[in-house]
Amino acid sequence: MSDATPESGAGGAPAWLDWICAAPDRVELTRRYDHWAARYDGDVAADWDGIPQWAAGLLGRLLGSRDAPVLDAGAGTGLAGVGLAAAGFRNLIALDLSPGMLALAADRGVYRELRVGAIAEPGVLGAEERFAGIIATGVFAAGHCGSAELTCLAGHLAPGGVLVLTAREAVLAALTTTLAGLDGEILDRLESRVYGDQPIHAIAWQAAGGPPRWVPITAREQRSDIPAAAARPTTERWADVRWRGVTMDKGPFELAMLPQLMAEQQIRTVIELGTAHGGAALWYADLLALNGVVGQGDGAPVLTIERDPGSVDPAVRNHPGVRCLTGDCNRLADLLPAALLAELPHPWLVLEDAHDLDLPAALDWLDQHGLRRGDYLIVEDTSIDHIDAWSDWPDQQVLDQVRRKIADLRTWLIEHEARYRIDTWYQDLFGYNASKTWNGVLRVMR
Ligand SMILES: C[S@@+](CC[C@H](N)C(=O)[O-])C[C@H]1O[C@@H](n2cnc3c(N)ncnc32)[C@H](O)[C@@H]1O
């Protein structure tokens, strides 16, 4: 067997792919990876770099805690570990057959432990060892790992733990069959392209058990851990809460939670119903830019709708990251036609903050013309305590609108229970419903 890795292959796929996948046994596979290690990152850069990070991003979107232990199974030189570290994970354990590959992973400085061994080899993972998350990128492939390793890894997840793996078409069916026989469920699947336009899949599978993160509205209470007496003072000076000098109607809990949600969920488009002055639209655009999401001209990643254009600060119209749309949120088919929605990159964050609208009709439009798994929908100002605290608001109609909105949201969520769930990780970040939005931070589940 030649030690040389071929330079290029036929049909778009790199030649090293056939070479590494053709190893006849684990001893030879280990020998090839050890031999290849120093050149691995350079050789795979054009074809593979980006895929482990993409899979790490998926795990980051589904696993809340950044301190819980996460295993990088078949860590290689640590490309997935770099992605996990960027997503905030700090308790990373790398496992790999090849000491040569692991030595390079160690140099990345992102793992707290490195372990040499084969996934399903007795004693490599402790009998009682459980991980909140496991990632395996480029590991379930010909000549590498299969059903036995998948079953082993699934068995080392803590209850409710999440496993993310990548798989090309050739092995996908066998892996999903194995997963179907295990106690858990597929949470998410993404598809991308590698090796000259071949499909590659990222599958996220959750082990059964553990407290559910995404729950139906019927499992939630209409209350908050924040005492009702705090509702007024935390929103009293709402007009003084500004971004770039422009008023935004956000309380302290939303100001603290939304940047984290946008970063962790890798939001690429924000749709805001109800611009008002526009401080929030500016803030969303700046937060997206911090996460590397920028747009220009017609491609601005924040779309914000206001029926009263006079209320919108000129700075909002001039921001390159914001598209200001003028019109009535009761006419979303005109303002956000299906063709426009089809072009907006996902994941989306949709925020309903207009209040005076037919909420079910607006949600139906978005549900049927674009919202997809992994998107977020936040229906703001759904706290009963805040309505009560502001009962002296001069325009009583607004209070009635918000009361109706809360009831409409509940009915709509019951009708769409399987698809829209409250994400308790963000909703309850500071305590149960600790926000002026109660039970309104929703993830699209399917
Ligand atoms: C294609 S590399 C992927 C490395 C890294 N995850 C990435 O995406 O760049 C596959 C890695 O899996 C390791 N590997 C293959 N079979 C394994 C097994 N049964 N147990 C542990 N590691 C294994 C190999 O040594 C190699 O480093």
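Counting from 1, the numbers follow the sequence of the chain as shown. Small disclaimer: the values here were computed from a predicted structure and weren't measured.
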Item checked: N/O donor-acceptor pair under 3.5 Å between Q427 side chain and N439 backbone -> yes
Notebook entry, point to check: In this structure, which one of E254, Q401, K436 forms a side chain to side chain contact (heavy atoms under 4.5 Å, CB included) with D381?
Noted result: K436
Note to self: Can you tell me how far apart CG (L163) and CG (L150) are? Round to the nearest 0.5 Å.
What the structure shows: 6.5 Å
Item checked: Contacts of type side chain to side chain donor-acceptor pair (under 3.5 Å), residue T177, not counting sequence neighbours -> none
Item checked: Under 3.5 Å donor-acceptor, H201 side chain and I203 backbone -> no
Margin query: Looking at T235 and G251, would you say the former's side chain and the latter's main chain have a donor-acceptor pair under 3.5 Å?
Written below: no
Check: Can you list the residues that meet the salt bridge (charged side-chain N to carboxylate O under 4.0 Å, His left out) rule with E415, with sequence neighbours excluded?
Finding: none
Item checked: Nearest atoms (heavy-atom pairs only) where P14 meets D47 -> CG-OD2, 3.7 Å
Notebook entry, point to check: So, do Y284 and L351 sit near enough that their side-chain heavy atoms are less than 4.5 Å apart?
Noted result: yes
Next item on the list: Report yes or no: does Q266 contribute a side-chain atom to a donor-acceptor pair with the main-chain N or O of A263 at less than 3.5 Å?
Entry: no
Item checked: With sequence neighbours excluded, residues passing salt bridge (charged side-chain N to carboxylate O under 4.0 Å, His left out) with R223 -> E221, D225
Next item on the list: Would you mind checking if R372 and D375 are paired as a salt bridge, meaning a charged N to carboxylate O distance below 4.0 Å?
Entry: no
Check: Nearest 0.5 Å, what's the OH-CG distance between Y426 and L442?
Finding: 13.5 Å
Check: Is the shortest distance from a Lys or Arg side-chain nitrogen in D188 or R443 to a carboxylate oxygen in the other one below 4.0 Å?
Finding: yes
Margin query: Does anything in residues 202-219 form a salt bridge (charged side-chain N to carboxylate O under 4.0 Å, His left out)? List the pairs, not counting sequence neighbours.
Written below: R213-D423
Item checked: Option among L165, L157, L153 that satisfies the side chain to side chain contact (heavy atoms under 4.5 Å, CB included) test with W205 -> L157
Next item on the list: Would you list the pairs meeting side chain to side chain donor-acceptor pair (under 3.5 Å) in which at least one residue belongs to residues 85-95, sequence neighbours left out?
Entry: N91-R112
Check: Within a strict 4.5 Å, meaning less than it, do heavy atoms of the H386 and V402 side chains meet?
Finding: no
Next item on the list: Kindly state whether the ring of H416 and the ring of W412 have centres lying under 6.0 angstrom apart.
Entry: yes
Next item on the list: Quick one: which residue pairs count as a salt bridge (charged side-chain N to carboxylate O under 4.0 Å, His left out) with a foot in residues 354-363, not counting sequence neighbours?
Entry: R307-D356
Notebook entry, point to check: Checking Q368 side chain against W365 main chain: does a donor-acceptor pair fall under 3.5 Å?
Noted result: no
Check: Is the count of non-hydrogen atoms from other residues, nucleotides or ligands lying under 6.0 Å from R317 atom CZ greater than 12?
Finding: yes
Notebook entry, point to check: ring-ring contact (aromatic ring centres under 6.0 Å, His included): which pairs involve residues 326-351, sequence neighbours left out?
Noted result: H346-W348
Next item on the list: Applying side chain to side chain donor-acceptor pair (under 3.5 Å), name anything that partners N291, two or more places apart in sequence or on another chain.
Entry: none
Check: Looking only at atom types and distance, does a side-chain atom of Q53 sit under 3.5 Å from a main-chain N or O of G50, one as donor and one as acceptor?
Finding: yes
Item checked: Short side-chain to backbone donor-acceptor contact, T437 and T382, under 3.5 Å -> no
Next item on the list: Measure the spacing between CG of L62 and CD of Q206 and express it to the nearest 0.5 Å.
Entry: 8.0 Å
Notebook entry, point to check: Can you check whether L332 reaches L357 side chain to side chain, under 4.5 Å on heavy atoms?
Noted result: no
Item checked: Reported CG-to-CZ distance for the pair L175 and R168, which is rounded to 0.5 angstrom -> 12.0 Å
Notebook entry, point to check: Between L303 and A300, which heavy-atom pair has the shortest distance, and what is it?
Noted result: CD1-O, 4.1 Å
Item checked: Listed partners of D41 passing salt bridge (charged side-chain N to carboxylate O under 4.0 Å, His left out), at least two apart -> R108
Margin query: List the residues meeting salt bridge (charged side-chain N to carboxylate O under 4.0 Å, His left out) with E352, not counting sequence neighbours, and say none if there are none.
Written below: K405
Notebook entry, point to check: Just wondering, do E380 and E272 contact through their side chains at under 4.5 Å, heavy atoms?
Noted result: no
Next item on the list: Determine, step by step, whether W54 and L58 satisfy the side-chain contact (heavy atoms from CB on, under 4.5 Å) criterion, reporting the C-alpha distance in whole Å, the side-chain angles of both residues, the deciding distance to 0.1 Å, and the verdict.
Entry: CA-CA 7 Å; W54 167 70; L58 179 59; over 6 Å; no
Checklist line | Between CG on residue L282 and OG1 on residue T247, distance to nearest 0.5 Å | finding: 11.0 Å
Note to self: Quick test of your reading: applying salt bridge (charged side-chain N to carboxylate O under 4.0 Å, His left out), list the pairs with at least one residue in residues 274-288, sequence neighbours left out, ordered by first then second residue.
What the structure shows: R244-D286
Note to self: Please evaluate residues L255 and V241 with respect to the criterion side-chain contact (heavy atoms from CB on, under 4.5 Å), reporting the C-alpha separation (whole Å), side-chain torsions for both, the decisive distance (0.1 Å), and the verdict.
What the structure shows: CA-CA 10 Å; L255 287 169; V241 179; 3.9 Å; yes
Next item on the list: Determine whether L363 and L409 make a side-chain contact, defined as any pair of heavy atoms from C-beta on separated by less than 4.5 Å.
Entry: yes
Next item on the list: Answer with yes or no whether the side chains of R220 and N433 bring together a donor and an acceptor at under 3.5 Å.
Entry: yes
Item checked: Shortest non-hydrogen separation from V110 to A85 and the atoms involved -> CG1-CB, 3.7 Å
Margin query: Which residues pass the side chain to side chain donor-acceptor pair (under 3.5 Å) test with D249, not counting sequence neighbours?
Written below: none
Next item on the list: Begin with the C-alpha distance, continue with both residues' side-chain angles, and end with the deciding distance and a verdict on side-chain contact (heavy atoms from CB on, under 4.5 Å) for L172 and R189.
Entry: CA-CA 11 Å; L172 185 68; R189 310 169 75 126; 3.8 Å; yes
Checklist line | Approximate separation, where rounding is to 0.5 Å, of L258 CG and F253 CZ | finding: 13.5 Å
Next item on the list: Look only at the side chain of E306 and the backbone of D308, and say whether a donor-acceptor pair between them is shorter than 3.5 Å.
Entry: yes
Check: Is any side-chain N of the basic residue among R193 and E191 closer than 4.0 Å to the acidic one's carboxylate O?
Finding: yes
Checklist line | Given Q397, R404, R403, the one that forms side-chain hydrogen bond (donor to acceptor under 3.5 Å, both in side chains) with D400 | finding: R403
Notebook entry, point to check: R130 side chain to P159 main-chain N or O, any donor-acceptor pair under 3.5 Å?
Noted result: no
Next item on the list: Give the minimum heavy-atom separation between I119 and A73, together with the two atoms involved.
Entry: CD1-CB, 4.0 Å
Next item on the list: For side-chain contact (heavy atoms from CB on, under 4.5 Å), just list the numbers for I271 and L344, CA-CA rounded to whole Å, side-chain angles, deciding distance to a tenth of an Å, and then say yes or no.
Entry: CA-CA 10 Å; I271 300 174; L344 301 176; 3.9 Å; yes
Check: Hey, is CZ on R66 packed in by over 12 heavy atoms from elsewhere, all under 6.0 Å?
Finding: yes
Note to self: When you compare the side chain of L287 with that of V270, does any pair of heavy atoms fall below 4.5 Å?
What the structure shows: no
Next item on the list: Could you tell me how the ring of H277 sits relative to the ring of W238: parallel (under 30°), tilted (30 to 60°) or perpendicular (over 60°)?
Entry: tilted
Check: Would you find a donor on one side and an acceptor on the other, under 3.5 Å apart, between the side chain of D408 and the backbone of P360?
Finding: no
